[in-house]
Amino acid sequence: MLATITVDDEKCNDPLSCRKCLLICPTHVLGLGTDVGPQKFRETDPSHFILRGVRFDKCTGCMDCVEVCPQNAIQVSF
Amino acid sequence: MCVWCDQFAAGYERWYFNPANYARRLYKIRKEAAEALGAEANPQEAGGMAILGREFLEARERNDYEAMERMKREAEQVSWGTHFGQVITLDEALKVTDIIYPISLMTCACRRSMVGLPDEENFTCMGMGPGMYKWERWPDTYRGGVHFLTPDEAKEALTKLNKRGLVQTIATFGTPYLAGLCNCDYPDCGFIRTVLDFGVRVLWRGHYVAKVDPELCNGCANCVARCQFRALSFAPTRNKAYIDEFQCFGCGLCATECDQEAITLVERASLPSLANVW
Ligand code: SF4
Ligand code: SF4
Ligand code: SF4
Ligand code: SF4
Ligand code: SF4
């Protein structure tokens with residue numbers, strides 16, 4: 001069964017420096033990206049980084065990411 | 001025969017030894033080609049945010065092989081035209097450093113995306129060629145800056161990264177323009193992950209296949225942790241390393257770690273059943 005992973009971007013406001021869920025996920029399911037493309041002459045502001053479920057095929061449903069998140073921003077359901 | 005050598009080697013031993021494939025002229029062509037495809041390279045996307053999306057995983061869940069095959073084919077076609085990699089050995093990578101200048105160490109987009117690796121820990125990727133002079137235009141692609149290396153420094157860096165256990169791969173940015181000299185591992189390299197988990201050939205096997213000499217192997221198991229491609233295991237029955245040569249990507253990492261010289265790299269082309277397994 002494929003997991004559905006949702007992240008509340010308001011709560012997860014600086015995933016680049018937090019990255020707790022990325023580090024704890026045993027199968028590296030989650031991914032970090034930005035909600036803007038690469039911009040010329042400008043580094044993307046941390047507020048534009050987003051955390052998402054990506055490699056759903058490897059999610060075991062262990063809920064480690066949910067438990068570790070200090071902002072209560074991530075939800076995993078089946 | 002490797003189709004890339006067939007098309008782009010122009011008499012050189014391998015297509016990635018042909019200096020023309022690193023040339024500035026191609027760099028310009030690829031830029032136009034990429035823009036025409038609407039494929040402005042977002043490093044985060046290219047790295048970890050999945051070459052195949054949830055659609056593919058859903059098709060796999062319902063055993064819809066037809067849809068899977070179609071999506072695989074589409075992903076491969078896009079990848080082969082714009083951005084794909086081939087495994088090369090450390091020796092081959094060292095040779096590349098004498099063909100193209102400049103070479104620079106940069107932060108790895110895959111690992112930024114997969115584990116949010118901070119820039120200072122993330123200098124594992126190498127960019128090559130004239131495109132590197134434009135790094136200041138794209139601060140996001142080159143987060144953390146770039147370190148331009150002399151050919152000797154590049155060799156030293158590659159050797160260290162290999163020692164650490166990272167596989168050398170060469171990558172196109174607008175095929176056949178070669179601009180990436182990557183140092184990769186499972187599960188945090190998008191290329192390796194995609195080819196191993198989904199069988200989508202965004203990363204091609206290299207020109208060699210590793211082979212264990214059972215006479216020389218003393219069963220120390222030092223090599224076993226080196227394989228990033230699930231090709232190498234330890235066979236307790238015979239107390240020897242075991243290589244599945246059909247799975248082997250020919251990176252040579254196992255061989256460089258074996259002090260008994262029990263692992264040799266054989267030309268893929270010399271093995272009838274493997275000559276066309278890429
Ligand atoms: S539930 Fe477990 S396996 Fe799934 S994303 Fe969270 S940490 Fe990873
Ligand atoms: S642990 Fe929570 S706040 Fe931190 S990056 Fe993950 S989802 Fe965002
Ligand atoms: S291909 Fe390898 S070095 Fe290049 S960005 Fe991906 S993991 Fe990093
Ligand atoms: S490192 Fe060499 S000797 Fe040791 S198990 Fe591997 S092949 Fe055998
Ligand atoms: S068996 Fe050796 S050469 Fe083959 S993929 Fe594994 S580490 Fe690389």
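In the text below, chain A, chain B and the rest are named by the order of the sequence lines, each starting its count at 1.
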Review point. Are there residues of residues 61-78 of chain A that reach to under 4.5 Å of chain B by heavy atoms, and which ones?
Key: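 Expected list: none.
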
**Study point:** Contacts with chain B made by residues 13-24 of chain A (heavy-atom distance under 4.5 Å), listed by residue number
**Key:**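 Within residues 13-24 of chain A, the residues under 4.5 Å from chain B are A/Leu16, A/Arg19, A/Leu22, A/Leu23.
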
**Study point:** Partner residues of B/Asp185 under the salt bridge (Lys or Arg N to Asp or Glu O under 4.0 Å) criterion, sequence neighbours left out
**Key:**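 For B/Asp185 the salt bridge (Lys or Arg N to Asp or Glu O under 4.0 Å) partners, ignoring immediate neighbours, are B/Arg111.
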
Practice item. With a 4.5 angstrom heavy-atom cut-off, could you sort out which part of B/Glu136 is near chain A: side chain, backbone, both or neither? Key: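 Looking at B/Glu136, just its backbone touches chain A.
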
**Study point:** Atom group of B/Tyr142 that falls short of 4.5 Å from chain A, counting heavy atoms
**Key:**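 Answer is neither: B/Tyr142 stays 4.5 Å or more from chain A.
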
Exercise for review: Can you see which heavy atom on B/Gln168 is nearest to which on B/Leu253, and at what distance?
Suggested key: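 Result for this residue pair: OE1-CD1, 4.4 Å.
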
Review point. Which heavy atom in B/Met126 sits nearest to a heavy atom in B/Ala154, and how many Å separate them?
Key: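 That closest heavy-atom pairing would be CE-O, 3.9 Å.
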
Review point. Going by distance alone, is a donor N or O of one side chain under 3.5 Å from an acceptor N or O of the other, for B/Arg230 and B/Tyr186?
Key: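 Distance-only check passes for B/Arg230 and B/Tyr186.
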
Salt-bridge criterion met for [X] and [Y] (N-O under 4.0 Å):
X	Y	value
B/Arg60	A/Asp57	yes
B/Glu69	B/Lys72	yes
A/Asp35	A/Arg52	no

Check your understanding: Taking side chain as C-beta onward, heavy atoms only, is B/Phe84 less than 4.5 Å from B/Glu76?
Key ->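 The answer is no; the side chains never approach within 4.5 Å.
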
Check your understanding: Quick one: are B/Leu196 and B/Phe229 in side-chain contact, heavy atoms under 4.5 Å?
Key ->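 Yes - at least one pair of side-chain heavy atoms lies under 4.5 Å apart.
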
**Study point:** side chain to side chain donor-acceptor pair (under 3.5 Å) involving B/Asp188 - partner list, sequence neighbours excluded
**Key:**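 So B/Asp188 forms a side chain to side chain donor-acceptor pair (under 3.5 Å) with A/His28.
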
